[in-house]
Colleague: 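One structure is given below, represented as structure tokens, and several questions about it will come after.
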Amino acid sequence: MEAIKLKYELVKDIETKREQALEKQETIKDAKGKITKYDLVSDGIELYLKERKLDFERGFIQITTYEQDVKDYTDSKYLLDYGIFKQTIIDVDEDYAQEFVDYLWDKTVIKGQNKGKRISENTIYKPYSFIHKVFNYFCKDLKIIKYNPFDTVKRKPHAISVDKEYFTEEEMHYIKEKIEFENIRFRTLITLIMDTGMRREEALAIKFSDINKFRETVSIERAFVKSKLDNRYIIKPVKRKKSEREIILTAYALELINKYRQFKVACGFVVNDDDFVFTAWDSIEIINPDRHSKEFKDFIKKIGITKNVPLKNLRHTHATFFVARGHNLKAVQNRVGHENVETTLGIYAQSNLNEDKKLVRSYEEEFYNKLGLSMSELYKIVSNRFSDTKKLTSILEKVSNEYVDSSNFDILLERCQEYFKELFPIFDKIVQIDSLLDDDEIDAIFEGFMPLYRKIKIEGLEPKIRI
């Protein structure tokens, strides 16, 4: 009987919501029929936002998308100051639209105390993008104007992709070393994001039931965000369908999550599978997501890293690690939940100083050490490990400035070996344990000496005078 009663209540609730949605649709339909091009822009926007809210309620858009539209309307300083909302829709023609865009560009130079300091193009893109979207609605949905006047303006602001800061492999090792001294919740969260490339809002919405110990995976199905309008906490579906995914966990992250659950039980909490993993210390309730970001910022500062890398960029760090190593881009795309592989490349394969250093290193090795060899290859020549005879002959000719054949090969090889030992005294030390090392170990040893190697220029020797 209880089940029948519950079913009846659910059906009734669904029917009530359906009727309410239909009423809203009828109300909006009536309003759309009444608005004309002689109404104020603000009246048109109010109708646009009502329809956007209905789109959210019907599941067509995310709540964060709707809330961003509301904020763009209520909080845009540039749109408010220019007075565009008080204009009639028909009065916003091509000339008015161009004047508004020119006004936005003029604002890229801040006057007063900060005279000469430029604000980013992204800052002026937001009000332009919003008003362009609104007039598209007037044109294509309401059909009260024949064209969008913002389509033809000159110097349209654009959203510019900015290279994101991320941690290098050395910094990742350092963070993982130092984080071992932090509390269990913080250590588990940071490890999970670093090891999986999750978005912050995805990691905070993970429940214990999402962890599959046998498959060693985590299922990412929802996101935890804070409302942009009233700061309430919202559990919503993930960003896009592609973002809904199951990915492999590292053994260490899996172990940490298990230890964290045991810790909460030891503290006296009853922890169920349906509970969120990352909650307050004194309850099993989720907490302000910005608090985790602040804790990470404080941690980075405490351990002496000056680079400005926010918590959300750990995702960037994770993906960049795989892209830089040439791993399968499709696999990286699926792991981080991108809609298409171009996004993975566009965001995570960006040009930056670290990548630029790699390019310069490659150039220096080719043209300034005269040989195009790595330091470990030079060592292998000294220790008679270099097996490519043809290439070795070419190197001897470059260094000795002499033609090499069977009659002088051994003499010139010995001369080059002595020369390399003079340039790199470390070679003599490594030679003493050479018999204990394999080629991979030698490569690993000399990787750390690359900064030294780049500063030493290998000059050609003077030819021996033959009598």
Side-chain angles (χ1 to χ4, degrees), residues 1-31 49-67 70 185 188-189 192 198-199 201-247 249 254 257-289 337:
M1 291 300 294
E2 286 296 325
I4 293 171
K5 182 181 177 182
L6 178 60
K7 179 181 177 181
Y8 174 76
E9 290 174 351
L10 288 173
V11 170
K12 187 177 179 180
D13 185 52
I14 291 170
E15 184 61 27
T16 301
K17 288 181 178 179
R18 189 182 71 83
E19 290 174 358
Q20 290 173 347
L22 287 173
E23 287 176 8
K24 286 182 180 179
Q25 283 180 281
E26 288 298 320
T27 303
I28 290 174
K29 185 177 180 180
D30 291 341
L49 291 177
K50 287 179 181 177
E51 193 157 2
R52 293 291 276 176
K53 185 176 182 181
L54 183 59
D55 285 344
F56 151 64
E57 291 171 350
R58 290 184 295 183
F60 296 160
I61 62 173
Q62 295 270 1
I63 186 172
T64 46
T65 304
Y66 163 68
E67 289 189 342
V70 175
R185 182 184 67 195
T188 305
L189 175 64
L192 181 65
M198 287 187 199
R199 298 174 179 88
E201 59 266 29
E202 293 172 341
L204 296 179
I206 293 296
K207 296 182 177 182
F208 287 106
S209 58
D210 297 323
I211 310 297
N212 189 316
K213 295 179 182 178
F214 300 103
R215 291 165 60 87
E216 298 182 342
T217 62
V218 56
S219 295
I220 302 168
E221 302 173 352
R222 67 192 79 81
F224 170 47
V225 297
K226 189 168 68 170
S227 170
K228 296 178 181 179
L229 301 181
D230 55 17
N231 290 328
R232 74 187 187 283
Y233 299 152
I234 302 169
I235 301 297
K236 68 180 191 71
V238 286
K239 196 171 183 180
R240 295 181 181 87
K241 186 64 180 176
K242 190 72 176 180
S243 299
E244 191 174 305
R245 60 203 187 276
E246 182 183 22
I247 59 175
L249 285 171
L254 197 60
I257 292 170
N258 187 48
K259 285 183 177 179
Y260 181 38
R261 182 169 185 169
Q262 292 173 0
F263 168 81
K264 296 178 86 169
V265 171
C267 289
F269 295 108
V270 177
V271 182
N272 299 310
D273 285 345
D274 200 44
D275 289 334
F276 291 101
V277 175
F278 301 104
T279 57
W281 287 118
D282 55 354
S283 72
I284 54 172
E285 299 299 320
I286 48 181
I287 57 178
N288 189 340

Colleague: Kindly compute the distance separating OG (Ser227) from CD1 (Ile63), expressed to the nearest 0.5 Å.
Modeller: 6.0 Å
Colleague: Do Val70 and Lys53 come close enough that some side-chain heavy atom pair is under 4.5 Å?
Modeller: no
Colleague: Under the salt bridge (charged side-chain N to carboxylate O under 4.0 Å, His left out) rule, collect the residues that match up with Asp230, sequence neighbours excluded.
Modeller: Arg232
Colleague: Counting C-beta onward and ignoring hydrogens, is there a side-chain heavy-atom pair between Ile235 and Ile286 closer than 4.5 Å?
Modeller: yes
Colleague: Please examine the side chains of Thr279 and Phe269, heavy atoms only from C-beta on, and report whether any two atoms are closer than 4.5 Å.
Modeller: no
Colleague: Between atom CG of Asp55 and atom CG of Leu49, what is the distance when rounded to the nearest 0.5 Å?
Modeller: 11.0 Å
Colleague: What do the steps show when you test Tyr66 against Ile61 for side-chain contact (heavy atoms from CB on, under 4.5 Å), and what is the final call?
Modeller: CA-CA 7 Å; Tyr66 163 68; Ile61 62 173; 4.1 Å; yes
Colleague: Kindly write out the residues that satisfy ring pair (Phe, Tyr, Trp, His ring centres under 6.0 Å) with Phe263, not counting sequence neighbours, or none if the list is empty.
Modeller: Trp281
Colleague: Any side-chain heavy atom of Tyr260 within less than 4.5 Å of one from Val277?
Modeller: yes
Colleague: Test Val225 against every option in Glu67, Glu201, Gln62, Arg199 by the side-chain contact (heavy atoms from CB on, under 4.5 Å) rule and name the one that passes.
Modeller: Glu201
Colleague: With a 4.5 Å cut-off on side-chain heavy atoms, are Arg52 and Thr65 touching?
Modeller: yes
Colleague: Which distance, rounded to the nearest 0.5 Å, do you find between the OG1 of Thr188 and the CG of Leu254?
Modeller: 11.5 Å
Colleague: Before giving the answer on side-chain contact (heavy atoms from CB on, under 4.5 Å), spell out for Glu246 and Ile220 the whole-Å C-alpha distance, their side-chain angles and the decisive distance to 0.1 Å.
Modeller: CA-CA 6 Å; Glu246 182 183 22; Ile220 302 168; over 6 Å; no
Colleague: Identify, with sequence neighbours excluded, every residue that meets salt bridge (charged side-chain N to carboxylate O under 4.0 Å, His left out) alongside Lys228.
Modeller: none
Colleague: Is there a donor-acceptor contact under 3.5 Å from the side chain of Tyr233 to the main chain of Asn288?
Modeller: yes
Colleague: Should the pair Lys264-Asp275 be classified as a salt bridge under the 4.0 Å nitrogen-to-oxygen rule?
Modeller: no
Colleague: CG of Asn231 to NZ of Lys226: how many Å apart, nearest 0.5 Å?
Modeller: 4.5 Å
Colleague: Is the number of heavy atoms from other residues, nucleotides or ligands under 6.0 Å of Lys236 NZ greater than 12?
Modeller: yes
Colleague: Taking NZ, NE, NH1 and NH2 as the nitrogens, is one of them in Glu202 or Arg245 under 4.0 Å from a carboxylate oxygen of the other?
Modeller: yes
Colleague: Show your working on side-chain contact (heavy atoms from CB on, under 4.5 Å) between Ile257 and Leu192 and close with a plain yes or no.
Modeller: CA-CA 9 Å; Ile257 292 170; Leu192 181 65; 4.1 Å; yes
Colleague: Quick one: does any side-chain atom of Asn212 pair with a main-chain N or O of Arg215 as donor and acceptor, under 3.5 Å?
Modeller: yes
Colleague: Are Lys207 and Phe276 in a cation-pi setup, meaning NZ or CZ lies under 6.0 angstrom from the ring centre and within 45 degrees of the ring axis?
Modeller: yes
Colleague: Is any side-chain heavy atom of Ile284 less than 4.5 Å from a side-chain heavy atom of Val270?
Modeller: no
Colleague: Centre of Phe208's six-membered ring, under 6.0 Å away, within 45 degrees of the axis: is that where NZ or CZ of Arg261 sits?
Modeller: yes
Colleague: Say whether, by atom type as modelled, one donor and one acceptor occur between the side chain of Arg222 and the main chain of Ala205 under 3.5 angstrom.
Modeller: yes
Colleague: Answer whether the closest heavy-atom distance between the side chains of Ile247 and Thr217 falls below 4.5 Å.
Modeller: no
Colleague: Write down the atom of Ile206, the atom of Ser219, and the distance for their closest heavy-atom approach.
Modeller: CD1-O, 3.8 Å
Colleague: Could you go step by step and tell me if Asn258 and Ile211 meet the side-chain contact (heavy atoms from CB on, under 4.5 Å) rule?
Modeller: CA-CA 10 Å; Asn258 187 48; Ile211 310 297; over 6 Å; no
